[in-house]
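Below, all heavy atoms of this structure are taken into account, side chains as well, without hydrogens, waters or symmetry copies. Each chain gets a letter, A, B and so on, in the order its sequence line appears, and its residues count up from 1.
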2 protein chains.
Amino acid sequence: MSSRTDYVILGLLSIEPHQSGYEMRKTIQGSVGYFWSESYGQLYPTLKRLTAEGLIAPSRRAAKGRGGRQEYSMTAAGHARLKEWLALPYRPDPPRDEFLLKLFFGREAGPGVAVAHVRRFQEDYRQALALIEEIGRVGTAKNAEHPHFRFWNLTLEYGVARMRAELEWSKHALKVLEEMEEEQGTGSRVQGTGRRAGKAGMGKASGRGAKGSKNV
Amino acid sequence: MSSRTDYVILGLLSIEPHQSGYEMRKTIQGSVGYFWSESYGQLYPTLKRLTAEGLIAPSRRAAKGRGGRQEYSMTAAGHARLKEWLALPYRPDPPRDEFLLKLFFGREAGPGVAVAHVRRFQEDYRQALALIEEIGRVGTAKNAEHPHFRFWNLTLEYGVARMRAELEWSKHALKVLEEMEEEQGTGSRVQGTGRRAGKAGMGKASGRGAKGSKNV
DNA sequence: TGACAATGTATCTGGCAGATGTATCTTGCA
DNA sequence: TGCAAGATACATCTGCCAGATACATTGTCA
């Protein structure tokens with residue numbers, strides 16, 4: 001069973017051949033990165049393995065003189081493999097949301113702390129939303145005719161729709177928490193510290209079928 | 001730097017003391033499981049380590065005769081640690097959404113395949129939404145007076161809000177994809193197979209700050 | 001009472017995230 | 001033009017975690 005890293009690589013090469021590992025990293029950052037984070041540590045070993053398996057092959061685009069950089073393209077086998085995987089049902093990944101976890105146990109630290117988290121959440125998502133909307137505008141202008149465009153755009157719209165909902169919710173949450181704060185005097189603040197510059201995005205996943213509904 | 005597994009354990013014990021590892025697993029499934037999936041393989045070693053660190057301690061509730069089952073409660077140190085962590089800024093986890101990945105590369109397999117994925121997505125989320133709303137009703141009836149209730153309810157509302165938005169989006173996506181299908185004759189279908197019974201949920205995360213907006 | 005199933009409890013292992021390490025290119029200034 | 005300092009391109013290494021698996025205990029039916 002191949003890892004999903006394999007398919008990210010194949011997918012990227014299906015859109016644009018002759019890419020080096022490094023270029024793929026960059027491409028990922030600028031596109032799928034918003035819903036798929038790849039492990040770069042996994043990237044280079046995987047390129048080697050895929051080559052060994054005959055799914056991709058070293059290739060060279062009009063020699064640009066760049067030093068020891070290896071570029072790859074997809075083979076016919078690779079293309080077949082990608083299509084096969086695309087047609088398989090997707091596998092939901094386990095959810096992991098530290099923000100909600102802290103909110104869930106929030107009572108232990110008091111509403112003041114929760115308020116600070118929600119504010120941070122709100123700020124991050126506002127920025128992320130603005131960014132993704134901008135990417136949407138630029139991308140549409142540049143790629144509207146690209147054969148992949150409508151698929152790309154769909155994932156983008158997903159991100160926008162979801163972030164908008166999350167922002168709406170955060171306003172409500174803030175109201176609730178601020179009321180609680182008033183009710184019981186002021187709680188402590190979040191111990192502020194570097195908030196790794198403007199980051200936020202999306203990424204959905206799925207939970208597990210719960211039998212017991214003990215504890216909410 | 002302790003793993004977040006530590007804090008899930010501390011958090012659960014802060015709500016309900018005298019739990020065994022097994023009970024925690026069950027509790028997780030029925031509550032935080034919707035946005036936080038724990039590694040059960042990590043659970044038991046962590047219980048031992050936390051005991052060694054003096055953050056939790058073996059405890060026994062009115063002997064229920066159950067065989068070799070160890071129960072734990074939190075120590076004062078553990079409680080302090082939990083509060084400290086709660087006040088720290090949350091760390092967004094990297095996004096990983098295979099559904100969106102398949103949609104992004106969807107062009108390779110044709111709109112028919114994508115349509116099937118979106119339909120599955122829609123079904124799963126409808127179920128998940130119904131389930132979580134039900135849990136909300138039951139939980140509210142049972143716990144409305146519980147001191148943690150309002151925090152729990154907020155995370156629940158988050159889930160509901162987000163799933164609703166995702167369902168809305170999926171209707172739009174379906175329309176777009178079905179149009180594409182008509183335009184260019186029928187694409188192939190998803191290779192159906194067991195869809196691990198009614199599962200779905202939420203889980204948000206964040207992307208990374210992208211400089212290059214190459215692609216899309 | 002014994003056999004088999006279901007459930008409770010714990011450990012083991014391969015794959016991955018992110019930190020770190022090294023080469024190569026660019027720029028500013030003498 | 002030469003070269004030092006930093007930026008950027010590129011690759012690897014390590015500790016942690018998800019999920020599979022193993023083992024124990026309790027339930028149940030003949």
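Residue B/Glu71 contributes atom CD, which lies 16 Å from atom C1' of C/dA10 at whole-angstrom precision. Rounded to a whole Å, the CD atom of A/Gln29 is 10 Å from the P atom of D/dA9. Protein atom CD of B/Glu38 is 16 Å distant from nucleotide atom P of D/dA20, rounded to whole Å. Between B/Asp93 atom CG and C/dG18 atom C1' there is a gap of 13 Å when expressed in whole angstrom units. C/dT11 atom C1' lies 13 Å from atom CG of B/Leu47, rounded to whole Å. D/dA18 atom P lies 12 Å from atom CZ of A/Arg91, rounded to whole Å. We find that CD of B/Gln70 is positioned 15 Å from C1' of C/dG8, with the value rounded to whole Å. In this structure, the CD1 atom of B/Ile28 is 14 Å from the C1' atom of D/dC17, given to the nearest Å.
The side chain of A/Arg96 lies closest to D/dA18 when the candidates are C/dA17, D/dC10, D/dA18. Distance from the side chain of B/Ser3 is smallest to D/dC17 among C/dA17, C/dT9, D/dC17.
Here the CZ atom belonging to B/Phe104 is positioned 10.5 Å from the CG atom belonging to B/Leu100, to the nearest 0.5 angstrom. Between B/Gln70 atom CD and B/Ser59 atom OG the span is 7.5 Å, to the nearest 0.5 Å. With values rounded to the nearest 0.5 angstrom, A/Phe151 atom CZ is found 14.0 Å from B/Lys102 atom NZ.
Taking the six-membered ring for Trp and thresholds of 30 and 60 degrees, A/His146 and A/Trp152 have ring planes inclined between 30 and 60 degrees apart. Using cut-offs of 30° and 60° for the angle between ring planes, the B/Tyr90 and A/Phe121 rings count as tilted.
Contact between A/Leu55 and A/Leu10 at its shortest, heavy atoms only, is O-CD2, 4.0 Å.
Neither OP1 nor OP2 of D/dC10 sits under 4.0 Å from any side-chain N or O of A/Tyr22. In terms of phosphate contacts, B/Ser39 brings a side-chain nitrogen or oxygen within less than 4.0 Å of OP1 or OP2 of D/dA18.
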* List the steps and the verdict of side-chain hydrogen bond (donor to acceptor under 3.5 Å, both in side chains) for A/Glu38 and A/Thr5. => CA-CA 7 Å; A/Glu38 241 326 310; A/Thr5 300; 3.1 Å; yes

Polar atom pairs between nucleotides 12-14 of chain D and protein, under 3.5 Å, N or O only, would you list them?
{"from": "D/dT12", "atom 1": "OP2", "to": "A/Lys48", "atom 2": "NZ", "distance (Å)": "3.3"}

